[in-house]
**Student:** 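For reference, the structure I am asking about is given below.
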Amino acid sequence: MPALNYKKQFANAVQNFEKLSTIRRSGKRLPPKKGEHIKHYTGMMTKFCRLLCIGVCTEVTPIRIAYLDGKPTVFLGVVVRDEKSWVQVVPDEIEKLAKADGFESLDDFFAFFLTETDEFLGFLIEWEPKP
């Protein structure tokens with residue numbers, strides 16, 4: 001069963017099922033698969049580790065956060081006629097995405113993902129509480 005770790009600032013929202021999605025950088029581990037159970041933790045690898053909840057993955061979407069013409073923006077991965085492509089997310093939907101991910105503002109959202117790099121590649125992982 002995959003496990004996801006959350007910073008303290010997001011833990012209560014995850015535990016209370018107010019935050020039902022997360023954005024994770026592409027890396028060594030593959031994202032969970034649709035239908036898989038996911039354990040959500042805070043403080044993993046510390047003595048303060050605690051299980052927040054268990055959820056079921058409902059969707060995994062590639063996501064790219066980058067600068068376009070000098071402005072930060074978001075792209076979601078889609079498949080059209082068997083070809084992978086990126087679709088730019090409109091500003092109102094970016095704001096909804098940022099709020100759903102636990103950020104107070106778009107500035108906070110973009111600062112979190114674009115602080116160390118000009119481009120963030122990862123996955124938008126969505127889930128629902130385990131029945």
**Student:** In terms of relative ring orientation, are F10 and F103 parallel, tilted or perpendicular, with 30° and 60° separating the classes?
**Tutor:** perpendicular
**Student:** Please round to the nearest 0.5 Å and tell me the distance separating atom CD1 of I23 and atom CG of L97.
**Tutor:** 4.5 Å
**Student:** Going by heavy atoms in the side chains, are C53 and Q15 under 4.5 Å from each other?
**Tutor:** no
**Student:** Evaluate whether atom CE of M1 has more than 12 neighbouring non-hydrogen atoms of other residues, nucleotides or ligands under 6.0 angstrom away.
**Tutor:** yes
**Student:** Apply the test side-chain contact (heavy atoms from CB on, under 4.5 Å) to residues L20 and E126: give CA-CA distance (whole Å), side-chain angles for both, the deciding distance (0.1 Å), then the verdict.
**Tutor:** CA-CA 6 Å; L20 296 172; E126 299 172 82; over 6 Å; no
**Student:** Is there side-chain contact between P32 and F123, with at least one heavy-atom pair below 4.5 Å?
**Tutor:** no
**Student:** Could you check if a side-chain atom of K34 sits within less than 4.5 angstrom of a side-chain atom of E59, using non-hydrogen atoms only?
**Tutor:** yes
**Student:** Should V87 and V90 be counted in the same cluster of Ile, Leu, Val, Met, Phe, Trp and Tyr side chains packed under 4.5 Å apart?
**Tutor:** no
**Student:** Please write out which residues are connected to V56 in a hydrophobic cluster, directly or through intermediates, given that two of Ile, Leu, Val, Met, Phe, Trp, Tyr count as joined at side-chain heavy-atom separations below 4.5 angstrom.
**Tutor:** none
**Student:** Please report the C-alpha distance between D101 and F113 in whole Å, then the side-chain angles of each, then the deciding distance to 0.1 Å, and finally whether the side-chain contact (heavy atoms from CB on, under 4.5 Å) criterion is met.
**Tutor:** CA-CA 12 Å; D101 206 43; F113 290 104; 3.8 Å; yes
**Student:** Establish, yes or no, whether a centroid distance under 6.0 Å links the rings of F48 and Y41.
**Tutor:** no
**Student:** In terms of hydrophobic clustering (I, L, V, M, F, W, Y; side-chain heavy atoms under 4.5 Å; direct or indirect links), are F75 and I94 co-clustered?
**Tutor:** no
**Student:** How long is the gap from CD on Q9 to CD on E104, to the nearest 0.5 Å?
**Tutor:** 10.0 Å
**Student:** Got a second to check how far T22's OG1 is from Y6's OH, nearest 0.5 Å?
**Tutor:** 4.5 Å
**Student:** Quick check: closest heavy atoms across C57 and I125, and the distance to 0.1 Å?
**Tutor:** SG-CG2, 4.3 Å
**Student:** Nearest 0.5 Å please: distance from the NZ atom of K19 over to the NE2 atom of H40.
**Tutor:** 10.0 Å
**Student:** Can you confirm whether more than 12 heavy atoms, excluding those of N16, are under 6.0 Å from its CG atom?
**Tutor:** yes
**Student:** Report the distance from atom CZ of F110 to atom CD1 of I65, rounding to the nearest 0.5 Å.
**Tutor:** 7.0 Å
**Student:** Out of curiosity, T73 OG1 to L68 CG, how far, rounded to the nearest 0.5 Å?
**Tutor:** 6.0 Å
**Student:** Would the distance check show the side chain of S105 and the main-chain N or O of D108 forming a donor-acceptor pair, the cut-off being under 3.5 Å?
**Tutor:** yes
**Student:** What closest approach, in Å, do L124 and S21 show between heavy atoms, and which atom pair accounts for it?
**Tutor:** CD1-CB, 4.1 Å
**Student:** What are the two closest heavy atoms between P72 and L114, and how far apart are they?
**Tutor:** CB-CD1, 3.9 Å
**Student:** Same hydrophobic cluster for I54 and L4, using side-chain heavy-atom links shorter than 4.5 Å among ILVMFWY?
**Tutor:** no
**Student:** Any donor-acceptor pair under 3.5 Å linking the side chain of E36 with the backbone of K33?
**Tutor:** yes
**Student:** For the hydrophobic clusters of this structure (ILVMFWY residues joined by side-chain heavy atoms under 4.5 Å, transitively), does one cluster hold both L51 and F17?
**Tutor:** no
